[in-house]
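The structure appears right after this line, and notes come after that.
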Amino acid sequence: MSRLPPGRARRAWARARSGTAHAVRSVRREAAGVWPAVRRAPRRTVATETLAVVPAVALGLIPLLLLPPERPVLAVLEALYAACLIPLRRYRPVAAVLGTGPLLVGPNVWVLAVVPLIVLSATRRITPPRRAWRAAGIACAVCVGMTITGSLIVPGAWVEHLAGNAASAVLLVLLPALAGTLLGRRRPLVSLLRERNTYLEQARSLTAAAARMEERTRIAGEMHDLLGHRLSLISVHAGALEMAAARQAPPLAGQAELLRTTAGTAMEELRDILGLLRREEATSEPERDRGTREDISALVAESRLAGVSVELDWSVPDSADPSPRTRQSVHRVVREALTNVLKHASGAPTRVEIRNRDGGIEVSVTNKAPREGRHPQPGNRSGLVGLEERIALLGGWFTAGPLPDGGFRVAALLPSRPHGMPTAAVPLPPASETAGGRTVGTRPPLSTEVLTWPRVLGAGCAAALVILPTATFLIILLTTAVLR
């Protein structure tokens, strides 16, 4: 056996000492970097890691009481070492994968159940994937190297030990590393798809909003050009008619004044509607004086001036104080009903009743049969349909129809304090069905991290399939340990 020259031996010894010192410094840096990360971790993460460490320690120590190993001290240290790798996989995944190598050759066979979980969880967090494969390869090389070194120190059937540990390295390290890298590549792809989906949803929403705004602007322009011009002419001619009637036919002056004021009110309402159409949000607060007793009395007075015999029965106490939306709807019901009376039953006696009922406001406009010789104007019931939709949105009910004596009745019950849209007015998604009192098809989708069999088999996720041989090997290995 030849001896190295003194100079070369000193250099080899210096390199060995330098490598050992570098390894010690690396371990110290890792430990110094892990502790601040642990202190900054959220409480939920700390609790989760604690719950993961406790079963691992129990799995590694409790079986030792029932089946004592040949080297109990080393088996206990190996169990504690495996428990330390569990939180390390989150903050130093490469170090956690490298640390699984010694576990494959230790005397404690029960800690092998923790090895694939550590490798799987750690390799998911390592990027790029080649770093994960490098770490897994080094861990397998450490396992083989320690097996060969142990066979040289303790003579025995080293071929069988080497084959067994090599199989353990493949099934407990390489296959979980493959599953982890598959899951690690899947996560950014899912995140990218989620970002693109969010972008497309926002783009579609903005496109739809722009299309609605353009259409509302076009409608507003058409209404301004057509209705505005006609109403302006009516207002001008009504003013001229009022002045002429004041000089030539004083009894008709009141009718002419009503025509002029009505045309002016119509112009103001048209401007309000045009302003709503041209705004992005077509919602407005109703006027505070709409639907009050004075407002309804003014509507009844205007109808009387137009030739309708109307009686008002207001029995709502001042303490009721309905919401502005309810008062606005009361105004719309009374105005639409009186307008229909003027168009289809002019001159027929009419009664307007507004009262409290069941905590709400009941509105009823009833007219008797029109006088003979009258030719009512044809209608398409669009106004009544609009009233029904408005009242349904408030959660009330609406009815309108002819009476047996030839008259007509419009009635509505409005809540004093409506709370948004009622359940019946909210359209359900097309895919939803009701079965057994519960809604089917409207549940939010599962998290992208949840692995189900359709996702495993149909969505191309092979990570779980890779784990199946590992699970089978662990079951056989632990069963064999128990039977011994």
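The first residue of the sequence shown is numbered 1, and numbering continues consecutively from there.
- Under the 3.5 Å distance criterion, the side-chain polar atoms of Thr326 are matched with a main-chain donor or acceptor of Pro415.
- Rounded to the nearest 0.5 angstrom, Leu394 CG and Ser416 OG are separated by 11.0 Å.
- Contact annotation: the side chain of Asn340 never approaches that of Val365 to less than 4.5 Å [non-hydrogen atoms, C-beta and beyond].
- Listed for the Asn108 side chain is a donor-acceptor partner under 3.5 Å among the backbone atoms of Gly60.
- Of the inter-residue distances, the one linking Trp110 atom CH2 with Leu67 atom CG reads 6.0 Å to the nearest 0.5 angstrom.
- Between Tyr81 and Val111 there is no side-chain heavy-atom pair separated by less than 4.5 Å.
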Fill in: Evaluation steps, salt bridge (Lys or Arg N to Asp or Glu O under 4.0 Å), between Arg218 and Glu215
CA-CA 5 Å; Arg218 186 187 66 81; Glu215 184 66 16; 2.5 Å; yes
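- Remark: Arg409 CZ to Glu353 CD distance equals 7.5 Å, nearest 0.5 Å.
- Shown here for Val105 and Cys143, the closest heavy-atom pair between the two residues is CG1-O, 3.6 Å.
- Using a 4.5 Å cut-off on side-chain heavy atoms (C-beta onward), Leu172 and Leu474 make contact.
- Side-chain contact of Arg131 with Thr127: a donor-acceptor pair under 3.5 Å is absent, judged by distance alone.
- For the residue pair Leu104 and Ala169, the shortest heavy atom distance occurs at CD1-CA, 3.8 Å.
- Between Val53 and Pro87, some side-chain heavy-atom pair lies under the 4.5 Å cut-off.
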Worksheet item: Do Ile296 and Leu299 pass the side chain to side chain contact (heavy atoms under 4.5 Å, CB included) test, and can you show the C-alpha distance, the side-chain angles, and the key distance before you say yes or no?
Response: CA-CA 5 Å; Ile296 301 301; Leu299 286 178; 4.3 Å; yes
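- Phe398 and Leu384 get closest at one heavy-atom pair: CE2-O, 3.7 Å.
- Of the possible donor and acceptor atoms, none in the side chain of Asn197 sits under 3.5 Å from a partner among the backbone N and O of Leu193.
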Practice prompt. Decide yes or no on side chain to side chain contact (heavy atoms under 4.5 Å, CB included) for Leu120 and Thr470, but give the supporting numbers first.
Written response: CA-CA 11 Å; Leu120 175 64; Thr470 300; over 6 Å; no
Practice prompt. Please report the C-alpha distance between Thr339 and Arg335 in whole Å, then the side-chain angles of each, then the deciding distance to 0.1 Å, and finally whether the side-chain hydrogen bond (donor to acceptor under 3.5 Å, both in side chains) criterion is met.
Written response: CA-CA 6 Å; Thr339 302; Arg335 188 177 68 176; 5.8 Å; no
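- The shortest distance between side-chain heavy atoms of Leu51 and Thr48 does not fall below 4.5 Å.
- One finds the CG atom of Leu59 at 8.5 Å from the CD1 atom of Ile62 (value rounded to the nearest 0.5 Å).
- Between Ser329 and Arg390 the shortest heavy-atom distance is OG-CD, 3.7 Å.
- To the nearest 0.5 Å, atom CG of residue Leu103 and atom CE of residue Met146 are 9.5 Å apart.
- Distance check: Leu393 CG to Glu388 CD gives 11.0 Å after rounding to the nearest 0.5 Å.
- In this structure, the side chains of Thr123 and Pro176 stay at 4.5 Å or more apart for every pair of heavy atoms.
- When atom types are taken as modelled, the side chain of Arg89 and the backbone of Ile86 share a donor-acceptor pair closer than 3.5 angstrom.
- Residues forming a side chain to side chain donor-acceptor pair (under 3.5 Å) with Arg204 (at least two apart in sequence, or on another chain): Glu201.
- A heavy-atom distance below 4.5 Å is not found between the side chains of Leu413 and Ile361.
- Taking each heavy atom of Ala412 and Val333 in turn, the nearest pair found is CB-CG2, 4.4 Å.
- Two residues are said to be in side-chain contact when any heavy atoms from C-beta on lie closer than 4.5 Å; Cys140 and Leu174 meet this criterion.
- The side-chain contact (heavy atoms from CB on, under 4.5 Å) test with Leu85 is passed by exactly one of Leu98, Ile118, Leu117: Ile118.
- With Arg327 contributing its side chain and Pro322 its backbone, the two residues share a donor-acceptor pair below 3.5 Å.
- With sequence neighbours excluded, the residues forming a side chain to side chain contact (heavy atoms under 4.5 Å, CB included) with Val109 are Leu112, Leu477, Ala481, listed by chain and number.
- Nearest heavy-atom pair across Leu171 and Leu175 is CD2-CD1, 3.6 Å.
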